[in-house]
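First up is the structure itself, then whatever we jot down about it.
Model, not experiment: these values are computed from the prediction. Here is how names work: the chains are called A, B, and so on, in the same order as the sequence lines, proteins then strands, and each is numbered from 1.
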4 protein chains.
Amino acid sequence: MFYRIDTKSPTPLYEQLIFQIKELYIQGILEPGEKLPSIRELSSVILVNPNTVSKAYQELERQGIIYTERGRGTFLTDNTALLEKAPERMEIKNQLRELVLRSRRCGIAKSELLHWVETASEEVQS
Amino acid sequence: MFYRIDTKSPTPLYEQLIFQIKELYIQGILEPGEKLPSIRELSSVILVNPNTVSKAYQELERQGIIYTERGRGTFLTDNTALLEKAPERMEIKNQLRELVLRSRRCGIAKSELLHWVETASEEVQS
Amino acid sequence: MFYRIDTKSPTPLYEQLIFQIKELYIQGILEPGEKLPSIRELSSVILVNPNTVSKAYQELERQGIIYTERGRGTFLTDNTALLEKAPERMEIKNQLRELVLRSRRCGIAKSELLHWVETASEEVQS
Amino acid sequence: MFYRIDTKSPTPLYEQLIFQIKELYIQGILEPGEKLPSIRELSSVILVNPNTVSKAYQELERQGIIYTERGRGTFLTDNTALLEKAPERMEIKNQLRELVLRSRRCGIAKSELLHWVETASEEVQS
DNA sequence: GTGGTCTAGACCACT
DNA sequence: GTGGTCTAGACCACT
């Protein structure tokens with residue numbers, strides 16, 4: 001199975017799930033229209049509380065990545081916007097990794113990088 | 001005064017203080033050997049509990065940025081290693097800001113960036 | 001239960017906890033992967049404020065002895081480096097006790113021993 | 001001058017003074033009967049509050065190393081017991097330094113050594 | 001329930 | 001006055 005979460009990571013489990021499903025979708029492993037596993041099924045597979053899976057699905061629905069049909073299940077939308085941006089996402093992700101590497105070499109702590117992302121995000125927002 | 005914290009930010013107050021003092025030090029506004037305001041003084045200036053300032057000072061001491069003299073106060077060390085890396089720090093910070101901007105344009109959420117920094121950090125560590 | 005602290009000792013409570021958990025781990029009484037009691041539980045067992053236990057846990061995490069899973073609890077890492085050094089630690093501890101005994105016989109105060117350890121540590125560091 | 005104190009050391013200034021005067025006495029640099037500098041004089045030389053010097057002198061007097069004559073000054077006693085134990089003191093000090101070195105090599109923190117000295121002292125006392 | 005952060009306030013040793 | 005430790009208790013996100 002390709003769903004996997006790391007309970008030791010500082011990233012909340014439900015966010016890990018969100019990122020993973022998005023990633024699988026962008027990489028074409030999951031396709032538009034495809035049915036996702038039910039909350040109970042997925043929670044038993046990845047050994048996580050059903051509430052955690054539910055929270056992830058709700059957020060994905062809010063982002064327009066999935067939709068639910070009462071009684072039938074949860075399905076991936078045909079989100080072309082997201083798919084089109086896949087290459088740029090990849091690039092940003094790689095450049096971020098590059099920066100993390102350089103940071104390590106000059107002794108910048110992870111907490112500092114995270115804080116810089118926070119502050120830059122706030123500036124951009126306003 | 002140049003110390004300021006933002007109670008609305010998701011970054012913990014004590015971390016904001018750590019980052020700020022480091023930044024002031026790197027920019028040369030605070031100089032090696034200089035005495036920092038006492039815990040009580042600073043806490044009354046920035047309207048924060050003394051324990052919060054204390055936590056920040058203790059972490060800075062752990063990082064070798066400051067040292068304390070019992071009954072006398074807290075002073076900045078002569079941390080040449082940190083000062084020498086100032087330009088590269090600046091550059092990394094700027095490139096990070098650039099990435100945040102680009103991310104915004106293609107709809108990547110802040111939480112996603114934070115998670116990528118987390119995962120990249122873990123990979124680098126091992 | 002094996003957790004116990006001495007409020008009359010000059011060693012801070014949180015340090016006593018750190019030393020004790022490390023000791024239990026090294027002696028194999030606590031094992032890698034094992035879950036430590038929750039902060040609230042332990043604090044109620046040893047009659048200490050939760051913040052004090054928290055401080056000890058955070059320092060142990062900094063030392064790589066334990067890790068925390070958000071919302072789940074605190075667990076012992078598989079710190080082989082520490083376990084391998086157990087015999088030498090034991091030996092050093094014993095020889096230290098021997099020196100303390102001899103010191104007592106020729107009227108050397110505890111404070112003097114502590115100071116010698118301090119100064120020797122500083123010399124070694126540089 | 002041979003009196004020197006280190007304000008950055010975690011050892012209290014008045015204890016540093018005590019240790020230093022004792023050391024100078026044991027090494028024969030200060031001799032029995034010799035007059036020590038007055039509190040005001042010494043405090044101005046080593047740039048320390050007079051109260052700190054006073055506290056050191058009081059403790060040395062309590063230990064029978066010095067005595068004061070009202071209006072004349074402070075003098076070193078003829079403490080043969082202390083002088084006779086000088087070689088063993090030296091040896092213990094050296095062995096302690098050796099242990100500190102070994103500790104460093106197997107990652108034992110200074111705080112741990114200090115704690116072991118504390119606990120061993122308590123055991124011996126009882 | 002779990003740990004993380006923060007406040008208010010006390011007490012202590014050292015200067 | 002200075003930092004260090006500790007308590008009591010609140011609030012938060014995550015599970």
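Across the protein-nucleic acid pair, E61(B) atom CD and dG4(F) atom C1' stand 11 Å apart, rounded to whole Å. Look at CG on L60(B): it is 12 Å from P on dG4(F), rounded to the nearest Å. For the pair E59(B) CD and dT5(E) C1', the computed distance is 15 Å after rounding to whole Å. The interatomic distance linking F75(C) (CZ) with dT2(E) (C1') rounds to 10 Å, in whole Å. Distance CG (D6(A)) to P (dT15(F)): 12 Å, rounded to an integer number of Å. Between E69(C) atom CD and dG3(E) atom C1' the separation is 12 Å, expressed in whole Å. The separation between Y57(B) atom OH and dT2(F) atom C1' is 12 Å, rounded to whole Å. Remark: P of dG1(F) and CG of L42(B) are 16 Å apart, rounded to the nearest angstrom.
With a 6.0 Å radius and a threshold of 12 heavy atoms from other residues, nucleotides or ligands, K8(D) has its NZ atom at or below the threshold. More than 12 heavy-atom neighbours from other residues, nucleotides or ligands sit within 6.0 angstrom of CZ on R62(B).
Test L30(C), T74(C), N79(C) against I66(C) for side-chain contact (heavy atoms from CB on, under 4.5 Å) and you get one pass: T74(C). Of the candidates P50(A), P37(A), S54(A), L42(A) forms a side-chain contact (heavy atoms from CB on, under 4.5 Å) with just one, namely P37(A).
In this structure, T74(C) reaches the dG3(E) phosphate: one of its side-chain N or O atoms is under 4.0 Å from OP1 or OP2. The phosphate of dT2(E) (OP1 or OP2) has a side-chain N or O of S38(C) nearer than 4.0 angstrom.
Across all strands shown, Q58(B) has heavy atoms under 4.0 Å from sugar-phosphate atoms exclusively, and none from any base.
Looking at E23(B) and K93(B), a side-chain N of the basic residue comes within less than 4.0 Å of a carboxylate O on the acidic one, giving a salt bridge. Between E112(A) and K22(B), at least one side-chain N (NZ, or NE/NH1/NH2) sits under 4.0 Å from a carboxylate O, which counts as a salt bridge.
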Do nucleotides 7-14 of chain E as a string where each nucleotide becomes B, S or -: B if the base has a protein heavy atom under 4.0 Å, S if just the sugar-phosphate does, - if no protein is that close. BBB----B

Toss me the dot-bracket line for DNA chain E: Watson-Crick and G-U wobble, both under 3.5 Å, 5' to 3', using | for pairs to another strand and [ ] for crossers. ||||||||||||||.

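Nearest approach of Y25(C) to E31(C), heavy atoms of both residues: CE1-C, 4.3 Å.
Annotation: the span from Y67(C) atom OH to Y57(C) atom OH amounts to 13.5 Å, rounded to 0.5 Å.
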After noting the C-alpha distance and the side-chain angles of E118(C) and T11(D), does the key distance pass the side chain to side chain donor-acceptor pair (under 3.5 Å) rule? CA-CA 8 Å; E118(C) 290 280 5; T11(D) 311; 5.1 Å; no

